[in-house]
Amino acid sequence: MIQMLTPEGERVGSGEYDAFAAELTDEDLRGFYKDMVLVRRVDAEGNALQRQGQLGLWAPLLGQEAAQIGMGRASRPQDFVFPTYREHGLAWCRGVPPETLLGMFRGQNHSGWDPQALRFHSYTIVIGSQTLHATGYAMGIQMDGDVGTGDLERDAVSIACFGDGATSQGDVSEALTFAGAFNAPVLFFCQNNQWAISEPTSVQTPAPLYTRGQGFGVPGVRVDGNDPIAMYAVSRASLDSVRAGHGPMLIEAYTYRMGAHTTADDPTKYRDDAVTEEWKAKDPIKRLRIYLENETDTGEDFFTSVDEEADALAARIREACVSMVEPDVSEIFDNVFEDPHPLIEEEKAAYLDYLDSFADTAEGAR
């Protein structure tokens with residue numbers, strides 16, 4: 001497993017990936033720290049707001065911040081990310097406002113952002129299906145000639161995000177099949193948080209997940225998913241290899257889901273709290289803070305300012321969430337197609353007439 005920053009905050013070498021880690025300045029690492037703290041705070045607010053009845057559901061990412069921030073900051077603007085429903089850190093890196101994520105889990109919008117503008121697809125609830133979307137998009141990149149040209153501003157990669165549980169789905173195997181057969185420029189990004197809802201990875205497969213792609217011609221590597229430096233370095237190296245036309249790759253970020261699968265889940269019913277406590281010592285934010293304190297000139301004022309910014313962000317998104325105005329029901333129909341469609345317009349008119357009939361009944365009752 002590739003590791004460059006130990007849980008004790010010590011830098012260690014990792015051979016072929018060291019050059020990519022060397023790109024990072026102290027300011028970059030402070031940026032990673034800030035990203036992880038702010039994303040964790042967004043996640044905490046999402047949990048709290050769901051418990052208060054403000055959201056219908058929330059999918060926590062607690063413990064997976066380094067995996068997502070490392071990948072997100074290693075990607076380039078032209079790359080296209082295909083997320084699951086837990087990629088709040090990647091959404092942050094791609095410029096999706098946290099309020100927009102909360103609006104989706106509140107039922108205020110279908111995604112709320114323009115996937116083409118941000119190069120970040122809508123969240124995907126169906127397990128594993130986004131890997132096929134990502135592979136198909138990568139084949140389109142290939143057909144457009146936007147891979148292997150040597151132009152880092154043009155060559156693009158499709159990033160397929162999924163969890164360990166999704167590897168048991170046929171869609172993932174099909175995506176790997178097409179990616180390998182067509183040499184598609186797609187990076188498979190598996191965040192192995194070791195629990196597919198209530199089933200551990202050991203029940204799902206006897207082989208390490210980073211080896212899952214080998215039979216399809218997709219080489220893989222396992223990275224310490226709680227190490228932001230290693231995640232950045234391996235992601236940058238892998239993305240550059242894929243965009244250069246060397247074929248698809250798979251990264252397994254070995255991490256741990258510290259919280260519940262979603263707010264509808266209770267992990268205390270199926271996993272040992274002692275193991276969870278052990279993983280607290282591997283916390284990605286804690287280890288990077290130790291490194292910044294011991295090996296750079298980062299002062300206490302920096303950490304204080306980040307905490308203050310997190311507090312302000314939390315207040316902002318709480319206010320935005322509880323003050324959201326319910327969308328007009330007609331919006332369900334307005335964004336099905338880019339241009340008006342006669343069948344959709346007919347269905348919209350019929351449904352609005354149906355809703356108006358309730359208003360007539362209520363008025364008559366008075």
Side-chain angles (χ1 to χ4, degrees), residues 57-61 64 67-68 71-72 75 79-91 94 101 104-105 110-111 115 119-141 157-182 184-223 225 235 238 242 247-257 260-262 264-265:
L57 188 74
W58 183 253
L61 65 68
Q64 298 178 222
Q68 295 190 19
M71 174 63 73
S75 65
D79 297 334
F80 208 117
V81 179
F82 289 79
T84 65
Y85 42 77
R86 200 188 304 278
E87 266 66 70
H88 316 321
L90 276 162
R94 303 306 280 189
L101 292 179
M104 183 180 61
F105 284 100
H110 294 293
S111 73
R119 316 301 284 174
F120 188 77
H121 196 270
S122 303
Y123 270 18
T124 306
I125 305 301
V126 179
I127 307 298
S129 63
Q130 70 279 0
T131 60
L132 285 170
H133 304 156
T135 302
Y137 190 91
M139 293 167 68
I141 292 174
V157 176
S158 173
I159 302 172
C161 306
F162 56 103
D164 50 288
T167 63
S168 298
Q169 295 289 335
D171 285 4
V172 175
S173 292
E174 292 170 7
L176 289 166
T177 295
F178 274 87
F182 289 90
V186 54
L187 178 65
F188 292 94
F189 178 38
C190 175
Q191 293 171 73
N192 178 6
N193 64 26
Q194 302 181 55
W195 289 94
I197 306 183
S198 58
E199 293 291 351
T201 308
S202 59
V203 172
Q204 303 171 57
T205 175
L209 293 180
Y210 76 93
T211 66
R212 181 59 63 88
Q214 291 179 359
F216 302 93
V218 180
V221 59
R222 173 179 277 183
V223 189
S235 297
S238 300
V242 174
M249 295 186 66
L250 185 154
I251 291 178
E252 177 194 355
Y254 192 74
T255 181
Y256 192 81
R257 194 191 78 212
H261 176 72
T262 70
D265 172 44

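Throughout, residue positions are numbered sequentially from 1 according to the sequence presented.
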Where do [X] and [Y] come nearest, in terms of heavy atoms and distance?
X: I159; Y: S75; value: CD1-CB, 4.0 Å
X: S129; Y: V126; value: OG-O, 3.2 Å
X: S238; Y: I251; value: OG-CD1, 3.7 Å
X: Q204; Y: G165; value: OE1-CA, 3.0 Å
X: V186; Y: A179; value: CG1-CB, 3.6 Å
X: P248; Y: F188; value: CB-CE1, 4.4 Å

Mark yes or no for whether [X], through its side chain, and [Y], through its backbone, hold a donor-acceptor pair below 3.5 Å.
X: N192; Y: D164; value: no
X: N193; Y: T255; value: no
X: H88; Y: A59; value: yes
X: R257; Y: I197; value: yes

For M71 and L187: C-alpha separation, side-chain torsions, deciding distance, then whether side chain to side chain contact (heavy atoms under 4.5 Å, CB included) applies.
CA-CA 11 Å; M71 174 63 73; L187 178 65; 3.6 Å; yes
Tell me, do [X] and [Y] make a side-chain contact under 4.5 Å, heavy atoms counted?
X: C161; Y: Q68; answer: no
X: Q169; Y: T131; answer: no
X: Y123; Y: L101; answer: yes
X: R212; Y: E252; answer: no
X: P115; Y: S122; answer: yes
X: F216; Y: T177; answer: yes
X: P185; Y: I141; answer: yes

Nearest 0.5 angstrom please: [X] [atom1] to [Y] [atom2], how far?
X: D171; Y: Q130; atom1: CG; atom2: CD; answer: 8.5 Å
X: F162; Y: L209; atom1: CZ; atom2: CG; answer: 8.0 Å
X: T201; Y: W195; atom1: OG1; atom2: CH2; answer: 8.5 Å
X: F178; Y: S173; atom1: CZ; atom2: OG; answer: 12.5 Å
X: T135; Y: L176; atom1: OG1; atom2: CG; answer: 7.0 Å
X: R86; Y: T124; atom1: CZ; atom2: OG1; answer: 13.5 Å

Cationic tip of R222 within the cone over Y210's six-membered ring, i.e. under 6.0 Å and within 45° of the normal?
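R222 over Y210 ring: no.
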Counterpart residues, ring pair (Phe, Tyr, Trp, His ring centres under 6.0 Å), relative to F105 (two or more places apart)
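Partners of F105 by the ring pair (Phe, Tyr, Trp, His ring centres under 6.0 Å) criterion, ordered by chain and then number, come out as W58.
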Check ring pair (Phe, Tyr, Trp, His ring centres under 6.0 Å) between F82 and all other residues, then give those that pass, not counting sequence neighbours.
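Checked F82 against ring pair (Phe, Tyr, Trp, His ring centres under 6.0 Å); matches are F80, H121, Y137.
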